[in-house]
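Below is one structure; the comments refer to it alone.
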Amino acid sequence: MSLLFLFSMLSSIMAAAEPAGCKIRITDKGLDMLKFETQKFVEEELSNISMPEMRGKEGRFQYTITDVKITELNLTHADLRFIPDVGLLFDVQNSSISLSFHRRILYWFFYDTGNINASAEGVNINTALNLIRDDEGRLKINNITCDAKINRMRAKFSGTLGRVYDFLASFLTSGMRFLLNQQICPALNHAALVHVNSMLETIPVRTEVDQYIGIDYSLIDDPVVTPRSLDMHFRGMFFDLSHQNESLLNYAVDPVIREYDRMVYLALSEFFFDSGMFAYYRAGVFQMDIINEKMPKDLEMLLRTTYFGAIMMLNPALVDAPLSLHLAVNSPPKTSIKTSGATVVMTAIVKVMVLPPGRPPVQFKIFSNQSALESLALIPLQAPLKTMLQMSVVPLINNWTKRGVQIPLADGMDFIEEVVEYHNVNQKMTTAANMNFL
């Protein structure tokens, strides 16, 4: 049991120390933009509050209040800010809510109906959201702490006996204020725990990039919240779609974000790119055959010159047979990030073959460690073969980077005004940007 416990502790420590392949920081400037969207969302949720029917009796008066509707919300003094080690705080102070409802009043033998316009003033709402990582690696609102208070409420009667009923206003508005107070926090709790969490579930955790690879954007730990930012640490690992359960260990330096000037920062470590290269390598993408019109004429002539003697000794009839090259990257490419940019290093095996019509291909060695003269003869091939490797593999990498991958943001959010930088210290690439809502 002691060994099992020790192994469990070590596994937990190793899991907790897993570096992030991708980090996203939302700063207080980004939170300012989110504030308007949050305010609109809260206004929409509060406008859908349903109030129960009110019935009662006061002296000779019997009343029924129905069809309570919120007609306008004026959350002018709203603020959204970070709560260190917790999450977000949405705070509304000294705002107002306008309502309308229908009355039915019986006084002695007089029966009257009409509408009442009321206003709740001094509305204060304090809502704290605790953000965590759920079991699937998504951002989630774990719980919500809410406190709502309405300082005063006014009502104006209309109808035949409107002025006569004014003295009922304080009684009715007290009841309405109490009921409205009781409805605000449950509405916001439901909005956060159901609607917002549903929106967060639209953020992809594992998604396909193309027909070969996918990417894992699961959070590796809970968000880190400071007074100035919210940092999210993602695994940021690509995987081969045919080996989706294969995991690549992350030995890269953990990316560090130190800036706060932009709304959002995205940091990518070397592991992010290396896992992409590894996934494409595992999928067998980094190989191709160069034959006929795909082969440059100067390279074909150089190959024929180099292997002329070997072809003549094998079979002089093969001198004019078509040549082909088979290029295959023989190990996963590695990425290096410096201030000058990102560099990808790869090695490949090249096979030279003669294709005699109606006969199996004949393969020639592209290198030799037996003959110094043969090795010297192969030196002129190095430059053109490197060029062919670049012509075959680099376009694939460029197409992947140009197409890009989806950033783990909620639906409707996008980056604008991006600035890309490369860093030596943390061997990372960062994108600083502002946000926009589509």
Side-chain angles (χ1 to χ4, degrees), residues 8-28 30-31 34 37-38 41 80-90 127-146 189-208 214-239 244-250 252-257 263-269 271-272 275 405-413 428 430-431 435:
S8 177
M9 289 292 292
L10 289 173
S11 298
S12 300
I13 293 172
M14 291 175 65
E18 178 185 359
C22 169
K23 287 187 178 182
I24 290 182
R25 165 172 290 176
I26 298 178
T27 67
D28 46 7
L31 210 59
L34 291 174
E37 297 299 320
T38 304
F41 177 77
L80 182 66
R81 57 183 180 270
F82 297 115
I83 309 176
D85 303 322
V86 176
L88 299 176
L89 173 68
F90 183 69
T127 306
L129 306 177
N130 176 227
L131 301 177
I132 64 167
R133 170 197 179 274
D134 72 4
D135 293 337
E136 294 183 357
R138 286 189 174 89
L139 184 65
K140 180 182 179 180
I141 298 175
N142 185 40
N143 60 60
I144 177 172
T145 303
C146 178
N189 287 350
H190 183 268
L193 297 177
V194 177
H195 297 323
V196 176
N197 277 340
S198 296
M199 181 191 70
L200 291 174
E201 289 179 358
T202 67
I203 300 176
V205 174
R206 289 174 69 90
T207 184
E208 292 185 6
I215 188 168
D216 183 339
Y217 268 135
S218 57
L219 286 167
I220 60 175
D221 51 27
D222 290 338
V224 178
V225 188
T226 71
R228 299 183 63 188
S229 66
L230 183 148
D231 290 356
M232 293 173 286
H233 305 162
F234 300 92
R235 178 160 286 113
M237 183 190 75
F238 293 90
F239 54 87
Q244 296 196 23
N245 294 325
E246 187 175 63
S247 183
L248 188 65
L249 293 178
N250 184 353
V253 178
D254 195 32
V256 178
I257 305 175
M263 293 182 180
V264 63
Y265 289 87
L266 170 69
L268 304 174
S269 75
F271 172 77
F272 180 85
S275 67
V405 294
Q406 185 175 355
I407 299 299
L409 294 174
D411 286 347
M413 296 175 63
K428 70 178 188 226
T430 60
T431 298
M435 286 191 299

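For the numbers below, each heavy atom of this structure counts, side chains included, while hydrogens, waters and symmetry mates do not. Nothing here was measured: the structure is a model prediction, and the numbers come from that model.
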Should we count CG of N143 as having more than 12 external heavy atoms under 6.0 Å?
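Counting neighbours around CG of N143, more than 12 heavy atoms of other residues, nucleotides or ligands fall under 6.0 Å, so yes.
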
Ignoring hydrogens, what is the shortest heavy-atom contact between [X] and [Y]? Give both atom names and the distance.
| X | Y | answer |
| --- | --- | --- |
| C22 | L266 | SG-CD1, 3.4 Å |
| C146 | T127 | SG-OG1, 3.9 Å |
| I26 | L31 | CG2-N, 4.3 Å |
| A128 | I83 | CB-CD1, 3.7 Å |
| F82 | T226 | CB-O, 3.2 Å |
| P255 | A267 | CB-CB, 3.9 Å |

Is any side-chain heavy atom of [X] closer than 4.5 Å to a side-chain heavy atom of [Y]?
| X | Y | answer |
| --- | --- | --- |
| T207 | I215 | yes |
| T38 | L88 | no |
| R138 | L200 | no |
| F41 | L34 | no |

Salt bridge or not for D231 and R25, using N-O below 4.0 Å?
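Salt bridge: yes.
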
Show me the donor-acceptor pairs, under 3.5 Å and distance only, between side chains in residues 189-197 and residues at least two apart or in other chains.
from	atom 1	to	atom 2	distance (Å)
N197	OD1	I141	N	2.9
N197	ND2	I141	O	3.3
N197	ND2	L193	O	3.0

How long is the span from the [atom1] atom in [X] to the [atom2] atom in [Y], to the nearest 0.5 Å?
| X | Y | atom1 | atom2 | answer |
| --- | --- | --- | --- | --- |
| S247 | E18 | OG | CD | 7.0 Å |
| F239 | E208 | CZ | CD | 7.5 Å |
| M263 | D28 | CE | CG | 10.5 Å |
| N250 | S269 | CG | OG | 5.0 Å |
| E201 | D134 | CD | CG | 7.5 Å |
| L268 | I24 | CG | CD1 | 9.0 Å |

Please walk me through it: do F271 and M237 pass side-chain contact (heavy atoms from CB on, under 4.5 Å)?
CA-CA 7 Å; F271 172 77; M237 183 190 75; 3.6 Å; yes

Check step by step if side-chain contact (heavy atoms from CB on, under 4.5 Å) holds for D221 and H233.
CA-CA 7 Å; D221 51 27; H233 305 162; 3.4 Å; yes

Without swapping roles, check the side chain of [X] against the backbone of [Y] for a donor-acceptor pair under 3.5 Å.
| X | Y | answer |
| --- | --- | --- |
| R133 | L219 | yes |
| R206 | Q244 | yes |
| K23 | I257 | no |

Where do V225 and V86 land on the side-chain contact (heavy atoms from CB on, under 4.5 Å) test, with the steps shown first?
CA-CA 7 Å; V225 188; V86 176; over 6 Å; no

Quick one: do Y265 and T27 satisfy side-chain contact (heavy atoms from CB on, under 4.5 Å)? Show the steps, please.
CA-CA 8 Å; Y265 289 87; T27 67; 4.0 Å; yes

